[in-house]
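What follows is a set of notes on a single structure, which appears directly below.
Chain identifiers are assigned alphabetically (A, B, ...) following the order of the sequence lines, protein sequences preceding nucleic acid strands; residue numbering begins at 1 within each chain. Because only heavy atoms are used, hydrogens play no part in the values below, and waters and symmetry mates are left out as well, while side chains stay in. Only a predicted model underlies this, so the values are computations on that prediction, with no experimental measurement involved.
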There are 2 protein chains.
Amino acid sequence: MTAATSAPADPHGPVAEPRRRVGRPAAAVLDQNGITTAALQLIGKSGYDGFTMAALARTLNVAPSALYNHVSSKRDVLVLVQDHLTSFVDVAAFEAGPWEQAVRDWAWSYRDVFSKHTPLIPVIAVLPVADAPKTLAMYEAVSAGFLRAGFPQERIVPAIVAFESFIFGSAYDVTAPADIFDSGTMAASTPHFTSAVQRLAEGSHEKPADVAFSLGLEALLAGLGALRAA
Amino acid sequence: MTAATSAPADPHGPVAEPRRRVGRPAAAVLDQNGITTAALQLIGKSGYDGFTMAALARTLNVAPSALYNHVSSKRDVLVLVQDHLTSFVDVAAFEAGPWEQAVRDWAWSYRDVFSKHTPLIPVIAVLPVADAPKTLAMYEAVSAGFLRAGFPQERIVPAIVAFESFIFGSAYDVTAPADIFDSGTMAASTPHFTSAVQRLAEGSHEKPADVAFSLGLEALLAGLGALRAA
DNA sequence: CATTTTAAATGAACGGCATTCATTTAGTGG
DNA sequence: CCACTAAATGAATGCCGTTCATTTAAAATG
């Protein structure tokens with residue numbers, strides 16, 4: 001979708017300089033963009049276990065060491081992938097719609113994108129935004145939406161962080177096995193929990209992770225929405 | 001070998017299970033308990049980067065391969081550590097106090113314990129409770145408290161999961177660098193976000209992670225607390 | 001055009017990692 | 001006393017990310 005393009009003609013853009021006018025370099029077989037899309041494809045095909053620098057190099061028909069001319073570490077590649085994925089997070093509704101629905105769209109799409117990429121979460125969570133331009137653009141769109149909705153400025157960042165923390169934790173939850181709450185042989189010694197799990201299973205046909213996410217998200221929406229000015 | 005698995009004088013014999021005289025195999029040098037506490041000590045001293053099977057074996061004066069008689073993988077050790085740490089999470093108030101304060105105590109202590117052990121979060125989040133008895137005991141205490149507070153049974157597990165997701169995400173947030181939101185050279189193109197970050201910095205002396213955690217936790221408490229029967 | 005410069009690619013290393021396995025050791029139970 | 005077995009050994013395996021001296025070839029220089 002639209003998401004987070006923006007960044008109007010940034011002069012010192014850190015990414016994507018396809019060709020050099022002033023000259024030194026030579027032929028270009030590899031660049032950060034190609035590495036990023038190849039990495040994303042490889043992860044899609046082989047998962048994060050199969051995602052190695054050697055495997056990545058192989059899909060690009062290149063020696064592993066060649067990657068290090070464009071990227072300084074495997075973590076660097078993960079940062080590129082993370083930033084790329086963030087552009088799939090839906091922030092469109094922050095420009096026009098009501099705040100609650102904008103947050104819902106954003107939160108669900110954010111969770112859905114990264115529930116398939118949970119190994120990136122430890123990377124995102126501590127990554128300076130300056131190293132991830134598309135992520136920064138997402139924050140700008142969300143901040144603008146919060147401001148438009150009447151949030152006091154000093155509460156905007158903590159509120160976004162609270163939502164994000166919930167989203168990241170919930171992304172892990174999506175990947176949990178269905179029988180994660182099965183107490184097995186110890187069920188007898190945990191009666192309250194065991195019966196609560198039973199009632200859950202008897203409940204709706206919705207996926208448990210979705211029920212919990214909806215419940216928590218609506219609670220956060222109500223509680224944090226109250227911070228807005230009248 | 002020469003009767004010397006390295007320097008005989010080990011400056012820090014941390015743990016000790018019954019030790020046999022000669023350096024050769026004997027009975028009971030190692031068990032899961034000793035491995036768990038040694039792992040915890042090692043992690044405390046060297047962090048998760050320094051936590052390797054070889055390093056763990058060294059602190060136990062044992063060959064790395066010996067560990068595999070008691071543990072089937074490194075992940076197994078992490079599970080043991082995780083379960084041990086969970087016993088430091090405070091669930092006492094669920095037995096008697098008001099529900100809100102019990103959840104506060106639980107959530108803050110849960111976050112504090114695992115903010116120093118974020119590499120365990122991907123393990124916990126997907127681990128069947130049957131493999132972690134102390135974790136299961138925590139869920140039993142929390143479930144009992146929710147039930148006592150008037151929660152309908154079918155909402156207990158989703159509510160706990162929502163809290164937990166927020167807690168895990170917030171644990172990462174604690175570890176983020178202080179300048180994570182510094183936009184650097186791109187500040188000009190993200191005015192709303194940049195000014196929100198500025199207002200944050202001007203704000204209270206509380207740690208940003210604590211402000212966000214408190215904000216989100218209180219919102220969840222209000223929103224989810226409303227699910228209780230009158 | 002010849003020469004210099006330089007980014008990019010190569011392939012052979014390196015050290016570290018988790019894990020496996022044949023073997024050895026020493027207590028234990030028949 | 002002997003057979004059995006749990007537990008520790010150390011060597012070996014196969015990956016992994018990363019480094020580095022070297023080569024390649026296109027552009028810049030004059």
Quiz item: Taking atom C1' of dA6(D) as reference, at what distance in whole Å does atom CG of Asp31(B) sit?
Solution: 14 Å
Quiz item: Which of these, Phe168(B), Phe163(B), Phe88(B), sits in a ring-ring contact (aromatic ring centres under 6.0 Å, His included) with Tyr110(B)?
Solution: Phe168(B)
Practice problem: Apply the side-chain hydrogen bond (donor to acceptor under 3.5 Å, both in side chains) test between Gln82(A) and each candidate in Asp131(A), Thr135(A), Thr36(A); give the one that qualifies. | Solution: Thr135(A)
Quiz item: Any salt bridge between Asp173(A) and Lys207(A), counting N to O under 4.0 Å?
Solution: no
Quiz item: To the nearest Å, how far apart are Arg58(B) CZ and dG16(C) P?
Solution: 10 Å
Quiz item: Rounded to whole angstroms, how far apart are CD1 on Ile35(B) and C1' on dA8(D)?
Solution: 12 Å
Quiz item: Regarding Tyr172(A) and Glu164(B), is there a side-chain donor-to-acceptor distance under 3.5 Å anywhere?
Solution: no
Self-check item: Ser115(A) backbone acceptor or donor facing Thr118(A) side chain under 3.5 Å
Solution: no
Practice problem: Give the nucleotide from the list dA9(C), dT9(D), dA18(C) with an atom nearest to the side chain of Ala66(A). | Solution: dA9(C)
Quiz item: Taking CG from Asn69(B) and P from dT5(D), how many angstroms apart are they, rounded to a whole number?
Solution: 16 Å
Quiz item: Rounded to the nearest Å, what distance is computed from the CZ atom of residue Phe51(B) to the P atom of nucleotide dG16(C)?
Solution: 18 Å
Quiz prompt | For atom CG of Asp49(A) and atom P of dC15(D), their distance in whole Å | solution = 14 Å
Exercise. Can you tell me the distance, in whole Å, between the CG atom of Leu56(B) and the P atom of dT19(C)?
Key: 12 Å
Exercise. Encode nucleotides 18-23 of chain D as B, S and - characters from 5' to 3', where the letter depends on protein heavy atoms closer than 4.0 Å: B to the base, S only to sugar-phosphate, - to neither.
Key: BBB---
Practice problem: Provide, to the nearest angstrom, the distance between the CG atom belonging to Leu67(B) and the C1' atom belonging to dC21(C). | Solution: 16 Å
Quiz prompt | Short side-chain N/O contact from His70(B) to OP1 or OP2 of dA8(D), under 4.0 Å | solution = yes
Exercise. Report the nucleotide, chosen from dA7(D), dA18(C), dA9(C), that has the shortest atom-to-atom distance to any side-chain atom of Thr52(B).
Key: dA18(C)
Quiz prompt | Mutual orientation of the aromatic rings belonging to Tyr139(A) and Phe181(B) [parallel < 30°, tilted 30-60°, perpendicular > 60°] | solution = perpendicular
Practice problem: Report, as yes or no, whether the 6.0 Å neighbourhood of atom CZ on Arg199(A) holds more than 12 heavy atoms from other residues, nucleotides or ligands. | Solution: no
